[in-house]
Each structure stands twice: as structure tokens, then as C-alpha cells.
Engineer: 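For reference, the structure I am asking about is given below.
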Amino acid sequence: MRNALGLMLASVLAAVVIAAGGWFYYSSRADQGAPKTIAARAADQLPAQAKLAAKDDVSTTATVADKPTTLAQAPAPAPAMPVQQKQACANPNALGVSRVVEIDTTGGPGFGFETFKQFDFLTDKEVVLTFDDSPWPVNTPAVLKALGEECTKGLFFSVGKHAMWHPEILRQVLAQGHTVGTHTWSHLNLNSKKMTEQQAKDEIEKGFSAVKLALGTNPAPFFRFPQLQHNPAMVSYLGTRNVAMWSTDLDSFDFRKGATPEKIVETVMTKLDKLGKGIVLMHDFQKHTGEALPTLLARLKAGGYKIVQIKAKTTFQSLPEYDEAVLKDLKVPTASTTTRPISSVVQTVSQ
Ligand SMILES: [Zn+2]
């Protein structure tokens with residue numbers, strides 16, 4: 001990684017225990033709702049277990065750590081995050097990745113100044129590219145292509161239902177070395193008055209289990225609330241699950257009606273030039289975002305901005321009951337019926 005040593009020195013962060021309450025404020029903003037029209041595909045879409053390379057030659061130059069809180073129910077330590085092989089970059093003038101930040105998600109730290117104020121881990125001109133509502137046909141591959149051509153990496157927040165519909169696209173996201181977190185099961189507003197705590201919890205857990213099933217491996221313990229609607233009880237809950245929460249520093253407004261690739265580029269560049277750095281919120285779900293990205297990445301490079309890649313120290317540990325609930329939704333046949341010929345299962349005994 002370029003300038004790794006200098007950036008290392010510049011980016012050592014203080015670890016702070018996040019006290020419950022008072023460490024977030026509510027954000028109300030419009031967001032793109034998930035479509036509800038496409039039926040879930042059959043179980044033959046289920047991925048094989050991903051075989052990830054064991055080698056990691058990506059240097060980690062900084063760690064954002066959150067001191068373990070003394071939780072009543074301290075979860076068991078999670079296994080290390082699987083790592084991907086570093087891919088060679090064919091573009092000598094690529095934007096690339098300037099440094100890789102590893103997040104210790106113990107206790108559920110929050111990032112993104114629109115909501116969370118604790119961890120100011122980016123230095124001047126540093127940018128984190130984040131993409132919500134993954135995966136989606138055409139649009140997600142367009143984003144992946146643009147990122148791939150610039151040999152740079154993003155942080156994706158997948159909607160569980162979308163992951164079930166298009167697991168092959170989500171696996172491409174992971175295979176290309178990007179980080180995959182989650183964004184609920186069905187993109188409901190978890191801060192809605194109509195939603196019970198149990199329903200909100202189900203949305204979170206089922207989303208993680210669905211993404212795990214689609215990927216064939218555990219996702220990163222990273223979560224973004226739909227519409228950035230932070231339900232206080234769920235913020236606490238995610239803390240007990242050791243999941244880091246990602247708000248944003250600046251919104252591309254790529255989901256808004258009338259958004260064009262040009263507008264998206266101008267919105268992001270104008271806000272970045274004002275703030276000097278930031279976590280950028282975009283949606284790979286949106287067609288215009290993929291179209292805007294080649295220009296946006298070129299503008300970032302020309303403007304001297306550097307991309308910071310986000311990784312998690314450990315993986316998310318899903319709960320078996322939610323893994324089962326997701327499988328049930330897919331109506332996966334049981335092993336006993338799949339291995340038996342139909343004549344041994346169904347017989348005409350009377351006509
Ligand atoms: Zn969303």
C-alpha cells in the first residue's frame with residue numbers, strides 16, 4: 001500500500017468505550033425502499049461454500065479498536081475474518097487503495113458523523129466508499145466494474161432478501177475483495193413506531209443469516225440502518241452482538257428522484273471538497289450510481305483523494321434459529337426427500 005508507513009503514524013486512533021445512551025442522535029432522511037415485486041428464487045441458487053484464499057498480503061495500517069465493554073453476556077470470540085487474495089492491478093494509474101483499516105467491532109462502535117461522533121479515523125483527503133441495498137442485477141456489476149478498473153475497494157451493505165434473490169452477484173462482490181456487511185432482511189425502517197423490538201431484531205438477524213447463506217461464509221459484523229433510522233434499542237442490541245454500525249459523513253443522494261450521474265458526481269465532490277474527507281453513502285442498487293462511478297473515481301484521483309478500505313477483525317456470528325428461518329423461507333427440501341426417488345415418497349394407492 002502506498003504511503004503506508006506515513007499513514008500508519010497519522011492514523012493511530014484512541015480506543016474509547018462507548019457508553020450506552022447519548023452517543024447517537026437521530027437522523028431522518030429519505031432513502032430508497034427495497035422493491036417488493038420479485039419472488040424469491042428456488043433453492044438451486046444456494047451457493048456452495050466459498051473457498052477463500054488463506055493468504056493475505058494486504059497490509060493493515062491502522063486499527064480502530066473499541067475496548068471491550070463489560071457486557072453481562074459476553075459473546076464468545078469470533079473467528080478471524082476470511083481474507084481474499086490480493087488481485088494484481090492492470091491499471092498503472094489506478095486510484096487504488098491508500099490504506100486498509102481493520103475494525104474491532106467489540107461492543108458495537110458507530111461510524112459516520114451524520115450519526116456517530118466518537119471515531120474520527122479518516123485523515124485529510126481520505127474517503128471510504130460505501131454502497132447500500134446490494135446486490136442488484138446490472139447495477140451492482142456496473143459498480144464492481146468501475147471499482148475494479150480503478151483497483152479500489154468499497155464497503156457494501158446487503159439487504160437479506162436481495163442477497164437471496166441474487167446470491168451470485170453478492171458472491172462477486174466478496175470475490176473482488178470488497179467488504180460485505182448487512183442492511184436488514186427487508187429494508188424496513190427499524191425506528192418505526194409500528195415495529196416491535198422483536199420485529200426489529202428479527203430484521204437484523206435474518207438479514208445477517210441471509211447474507212451468510214448467499215455468500216457461503218460469514219459476512220463482516222457491519223450493519224447500516226435503513227434510511228439511517230437508528231432505533232436506540234437496536235443500537236444497544238447490536239452492541240451486544242459486537243456489530244459495528246455505519247452511518248455516513250456525506251450522502252450522494254443517488255436515490256433521489258431526478259438523480260443523474262452528473263448530479264451524483266457533483267454532490268459528492270462538492271461535499272467532499274467542503275469536508276476534506278469522509279464516508280460516502282451511495283447505492284449500488286441505483287442505476288445512476290454505477291454510471292457515475294467511473295467519473296467520480298477519476299475526479300477523486302484528480303482531486304488528490306485517497307481511498308481507505310474497511311475490513312473487520314472478525315466475522316459475524318449468526319444465530320442458528322435465524323439461519324434456519326432463512327432456509328425455511330427458501331423452502332429447501334430436506335436431505336431425506338432429495339435423496340429418495342419420487343416413487344418411494346409418493347405412491348398412488350387408490351384411483
Ligand atoms: Zn438502503
Side-chain angles (χ1 to χ4, degrees), residues 24 26-38 110-116 128-144 154-167 169-170 173 178-192 194-195 199-211 214-215 219-231 234-235 238 243-259 264 267-268 278-290 292-293 310 316:
F24 57 87
Y26 303 124
S27 160
S28 58
R29 54 180 285 282
D31 196 3
Q32 172 69 46
K36 301 176 177 68
T37 51
I38 299 181
F111 303 94
F113 273 65
E114 203 169 290
T115 310
F116 303 102
V128 176
L129 302 171
T130 71
F131 300 94
D132 287 9
D133 305 353
S134 315
W136 205 250
V138 181
N139 304 346
T140 301
V143 166
L144 292 180
L155 171 53
F156 289 73
F157 294 96
S158 172
V159 171
K161 277 188 176 177
H162 294 185
M164 290 292 89
W165 296 335
H166 310 291
I169 300 175
L170 194 61
V173 176
H178 305 291
T179 302
V180 179
T182 73
H183 194 45
T184 71
W185 164 248
S186 63
H187 207 273
L188 296 176
N189 175 359
L190 299 192
N191 207 26
S192 159
K194 284 182 248 167
M195 181 153 297
Q199 285 170 329
K201 208 162 121 178
D202 292 348
E203 272 288 310
I204 291 170
E205 293 290 353
K206 210 172 159 189
F208 270 108
S209 287
V211 170
L215 288 175
F222 291 154
F223 179 80
R224 182 174 266 155
F225 282 90
Q227 303 169 43
L228 300 183
Q229 288 289 314
H230 293 81
N231 174 328
M234 289 306 107
V235 169
L238 287 164
V243 171
M245 287 156 273
W246 292 83
S247 177
T248 186
D249 293 336
L250 63 107
D251 198 329
S252 66
F253 291 137
D254 58 350
F255 59 91
R256 283 191 171 173
K257 215 177 170 187
I264 293 165
T267 300
V268 172
I279 299 166
V280 182
L281 170 59
M282 293 175 280
H283 297 79
D284 57 303
F285 176 71
Q286 297 291 340
K287 183 167 174 277
H288 292 317
T289 308
L293 218 49
I310 305 295
F316 180 80

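Whatever order the structure lists ligands and atoms in, that order sets their numbers, starting from 1.
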Engineer: Looking at side-chain heavy atoms only, is the closest gap between F111 and D249 below 4.5 Å?
Structural biologist: no
Engineer: Does the pair D133 and H162 meet the rule for a side-chain hydrogen bond (donor to acceptor under 3.5 Å, both in side chains), with working shown?
Structural biologist: CA-CA 8 Å; D133 305 353; H162 294 185; over 6 Å; no
Engineer: From the N, O or S atoms in H187, identify the one nearest to the Zn ion (ligand 1).
Structural biologist: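 Distance check against the Zn ion (ligand 1) picks out NE2 in H187.
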Engineer: Check the pair L144, V173 against side-chain contact (heavy atoms from CB on, under 4.5 Å), reporting the backbone distance first and the verdict last.
Structural biologist: CA-CA 7 Å; L144 292 180; V173 176; 3.9 Å; yes
Engineer: Is the Zn ion (ligand 1) less than 2.8 Å from an N/O/S atom of H183, whether that atom is in the backbone or a side chain?
Structural biologist: yes
Engineer: What atom name does the N, O or S atom of D133 nearest to the Zn ion (ligand 1) carry?
Structural biologist: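 So the atom name we want here is OD1.
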Engineer: Describe, in one word, how the ring planes of W246 and F157 are oriented to each other, choosing from parallel (under 30°), tilted (30 to 60°) and perpendicular (over 60°).
Structural biologist: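 Tilted: the ring planes of W246 and F157 meet at 30° to 60°.
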